[in-house]
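Everything below concerns the one structure shown next.
Computed from a predicted structure; not experimentally measured.
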Amino acid sequence: MTVDPQDDTVDRLIFDHLDHADLAEAAKDLVIAAVFGDEELSSVLGGADVRRPAPAPSERETAEPIGTYLESIEVTGFRGIGPTATLNLVPGPGLTIVTGRNGSGKSSFAEAAELALTGENKRWSGRTSVWKDGWRNLHATESPRIHVRLGVEGQRNGAAVRCDWAPGAGLDERTVFLQVAGEKRQSVADLGWAQPLELYRPFLSYAELGGLLSGRPSEMHDSLHRILGLGRLVEIETSLKSARRAMDDRRKLAAARLPELRDALARHTDPRARAAEEALAGRVADLDQLGTLATTDEPADATTSVPLRQLDVLDLPDRDDLVRLVERLRGALREIDELAGTSVDEAWALAKLLGDALRHRAGHPGQPCPVCGGRTLDDEWAAEAQARLRGLTERAERLDEAHETESDARRALGGWLAPLPPALGVDLGADGVESADARLAWQHWDDLIGAGDARKIAETALDTFDALVAALLPVKAAARRALDRRHAAWQPLADQLRAWIDTERSSRQAARMLTALKAAVTWLQRVGGQIRNDKLAPVAAEATEIWNTLRQESNVDLGSIQLAGTGNSRRVDLSVNVDGVPGAALGVMSQGELHSLALALFLPRATMPESPFRFLVIDDPVQSMDPAKVYGLARVLDQVARHRQVIVFTHDDRLPAAVRHLQLQARVRIVSRLAQSQVTVAGDAHGDPARRYLDDAMVVARDEEMTDAVRRPVVCNLVRDALEYTCHELIRTRDFKAGRPIAETEQALNDAQGLSPTLALALLSDHRRFKELRDPLEKLHPAAPRVVGFANRGAHGDSYGDLAALVADARAVVGRLSRS
């Protein structure tokens, strides 16, 4: 997971603490990298530089999400509801109590809304399938469906979530879609409620209320952890711990594999294995020496490896060159044989003598030969002598050239092949190389060339060379096989050695990183505890305040609320004082007190400003509470309902009674179940504050024991209260449906001080036009001007007339006004 620390409070708090932390830079870098995500952490662990966080952004107001309220819940064929039944609600802040006996179907509305909006029902979670099997009502003649209308703050038209089942479909085989007025159907996921439902879930059933404290300690811990946005701490700590475990494993890996490497080296006969053992013998292995041994082709002892390598690369000259040299030698020998009748010296002497005679004759033409005194050296003699001179000279030159060619050919053959290689003289029998025949064949060649017998060389050179080739080929092949065997035997060990070197380097790096990771985790755990408690403090304070209202005559004082423990031992520590004696909440509190405490913890979580849900649906919170705590619950719900839509389902009349007794504003809906699962919803006159004010006014008006001076102001004030409450309901409902922000509506109500400005705001949409009320009031109801005037004057003791008639007229005006 990758995050932008500028947009995450926990990340920014971590960075702020890091700025002043007495922590090694390497550990700081790892904490920063973990905040940015696993990929960044892996990169830094691999040696990369950490990405530095941007400077803290300037403080800016965070806009609250658009609020959503429940407008109605329509249910058909689901749970206890057969034919279609609708629970209409007023979208906007306020308390609505839905009451009815057990089995009336009231909880079916709560369960239907929860299933449609969240896709699950906490009441069924962890229970047997029997709890789910009865979801389809047996008396329904239509396919089950749930239709939840939503009022969205600031929008004229709301939205609806529809949940439908085909005939015979199972609970999970439903079709759910979101329908915004005037738009195409969308997925419920488009609401963007997946994470808010996890953090600020607005539904609370009786079973879940009990489970908040009676479940596993870790569940409550995790619930508060999520709501406080502290899941990031867990993610970052988990990432660092995972890296720490990985580094610890890597740190141990080279040592774990070393015995296997030592054993393999000990079994190997290659001299390099001994050198590797020596490099491993020190306290710290010499990785450079090991690397050299792993990559070299030859062992340090080259007694046999060098001869093998020399034999492997030993190549004889090209036979075609030998053929040309032998042919040249043979040609020279043939030439010599042809000229064998005349020696070269005699030919050259005769040629010299003839040359001298020809020169003498040139100076003494026609004279007899001065040597023999015989023949006359005439022209004929000269021509014959010249021809003979040419023949003698040519024969002498040819013979010289033939001898020179023969000498050159023998010299070339003598240097054509190197002398016997020393490698052929090495005993390589252990490696499977038998070189005696090749050595003898090579020696034959050397002997042939060294003897200098040109004719024998010409006759046997090719055969001798061919014999050498034939003898050398198996030697070369055997040398190659020996080298391959040596390579094959060493290479796996070399590969193992190289792998261990890499592992050891990684282990050394891991050891360095492990130290930094340990410091990072320890620091984050300590700082995380501070962050947890700092963020928990306001929620804990609110929970304590709610408990103080709820507890009503309980001798249990709620103390600190802290997130404690780690891993499987994580929990929420709830300390209490019972009559001044410290104790643990779960050990000393009654079931009713535990339910009250759980509600005190639920409400701050569900009403956080970040939640898009401006409604709470609480099913049967009264069940195990004693009467005093019910009054406390009524006060708490009244406080929450000032800024939230609170819908409470209960079969117990004690909560509506407490609301009436405390004179709190609440709407009461009564759910009844008739035959064939026909469920009806009706208003309760006692639950309507306006009707209740008028009922009380009538009682006072008919109380003859009360003096007129006391009765009149009381009755008129109660009539004013009824009119003002009805106006407020009208204004809030009208503005919400018109898309006006609730904050603006509440400000307008606050500005409209007094009955007349309030009526002007309700009837003319402007509290400043209260002087124009006459006509709107008469249009509303003929008695309205008189009732309003009477109520205004009588509230200050200045009224006359029949009080009972006034109340009756006021009841008619309020009825007309509530339907406007």
Side-chain angles (χ1 to χ4, degrees), residues 90 94 656-670 682-734 749 752-820:
V90 177
V659 168
R660 289 194 297 270
H661 296 162
L662 295 171
Q663 296 290 298
L664 303 177
Q665 295 185 2
R667 309 174 187 93
V668 177
R669 302 286 186 268
I670 301 175
D684 177 16
H686 296 292
D688 185 342
R691 293 185 182 184
R692 192 167 66 242
Y693 291 142
L694 293 175
D695 289 345
D696 291 344
M698 185 61 78
V699 171
V700 174
R702 291 174 176 172
D703 188 349
E704 296 181 355
E705 295 182 2
M706 191 178 297
T707 65
D708 201 48
V710 174
R711 282 190 305 168
R712 287 186 179 277
V714 172
V715 170
C716 290
N717 275 316
L718 287 172
V719 170
R720 282 173 59 95
D721 288 342
L723 289 169
E724 288 183 352
Y725 174 81
T726 305
C727 287
H728 288 173
E729 288 286 277
L730 170 63
I731 293 165
R732 287 189 175 110
T733 302
R734 180 189 64 200
L749 291 174
Q753 295 295 323
L755 178 57
S756 295
T758 300
L759 283 164
L761 183 61
L763 299 175
L764 300 173
S765 300
D766 188 348
H767 73 277
R768 292 166 297 188
R769 297 174 61 188
F770 61 89
K771 293 182 179 181
E772 306 172 26
L773 275 174
R774 184 73 185 182
D775 290 341
L777 286 175
E778 288 182 346
K779 185 177 180 181
L780 176 69
H781 193 279
R786 183 171 63 84
V787 170
V788 172
F790 200 109
N792 276 329
R793 292 191 304 273
H796 300 92
D798 185 17
S799 67
Y800 302 93
D802 187 348
L803 290 178
L806 168 66
V807 175
D809 288 342
R811 197 181 300 277
V813 172
V814 166
R816 186 71 60 81
L817 187 61
S818 64
R819 294 190 294 272
S820 298

Beyond-backbone contact of [X] with [Y], side-chain heavy atoms, under 4.5 angstrom:
{"X": "Arg732", "Y": "Val90", "value": "no"}
{"X": "Leu773", "Y": "Ser756", "value": "yes"}
{"X": "Leu694", "Y": "Val719", "value": "yes"}
{"X": "Glu729", "Y": "Arg667", "value": "yes"}

- Check the pair Gln663, Tyr693 against side-chain contact (heavy atoms from CB on, under 4.5 Å), reporting the backbone distance first and the verdict last. CA-CA 9 Å; Gln663 296 290 298; Tyr693 291 142; 4.2 Å; yes
- Thr726: side-chain contact (heavy atoms from CB on, under 4.5 Å) partners, not counting sequence neighbours: Ala690, Val814, Leu817, Ser818
- Query: Who pairs with Pro782 by side-chain contact (heavy atoms from CB on, under 4.5 Å), at least two apart in sequence or on another chain?
  - Reply: none
Under the side chain to side chain donor-acceptor pair (under 3.5 Å) rule, collect the residues that match up with [X], sequence neighbours excluded.
{"X": "Thr733", "answer": "none"}
{"X": "Arg702", "answer": "none"}
{"X": "Asp775", "answer": "none"}
{"X": "Arg734", "answer": "none"}

Between [X] and [Y], which heavy-atom pair has the shortest distance, and what is it?
{"X": "Ala697", "Y": "Val715", "result": "O-CG2, 3.6 Å"}
{"X": "His781", "Y": "Ala812", "result": "NE2-CB, 3.7 Å"}
{"X": "Glu778", "Y": "Pro785", "result": "CG-CG, 3.5 Å"}

- Message: Using side-chain contact (heavy atoms from CB on, under 4.5 Å), reason through Arg811 and Asp695 one step at a time and then give a plain yes or no.
- Response: CA-CA 9 Å; Arg811 197 181 300 277; Asp695 289 345; 3.2 Å; yes
Just verifying a value: how many Å separate [X] [atom1] and [Y] [atom2], rounded to the nearest 0.5 Å?
{"X": "Lys779", "Y": "Arg816", "atom1": "NZ", "atom2": "CZ", "result": "12.0 Å"}
{"X": "Cys716", "Y": "Leu803", "atom1": "SG", "atom2": "CG", "result": "6.5 Å"}
{"X": "Glu724", "Y": "Ile731", "atom1": "CD", "atom2": "CD1", "result": "10.0 Å"}
{"X": "Cys727", "Y": "Leu749", "atom1": "SG", "atom2": "CG", "result": "9.5 Å"}
{"X": "Leu730", "Y": "Thr758", "atom1": "CG", "atom2": "OG1", "result": "11.5 Å"}
{"X": "Met706", "Y": "Arg712", "atom1": "CE", "atom2": "CZ", "result": "13.0 Å"}

- Query: Is there a side-chain contact (heavy atoms from CB on, under 4.5 Å) between Val714 and Leu718 once you walk through the steps?
  - Reply: CA-CA 6 Å; Val714 172; Leu718 287 172; 4.0 Å; yes
- Query: Which one of Leu780, Leu777, Val813 satisfies the side-chain contact (heavy atoms from CB on, under 4.5 Å) criterion with Val788?
  - Reply: Leu777
- Query: What's the verdict on side-chain contact (heavy atoms from CB on, under 4.5 Å) for Val787 and Leu806, showing C-alpha distance, side-chain angles and the deciding distance?
  - Reply: CA-CA 6 Å; Val787 170; Leu806 168 66; 4.2 Å; yes
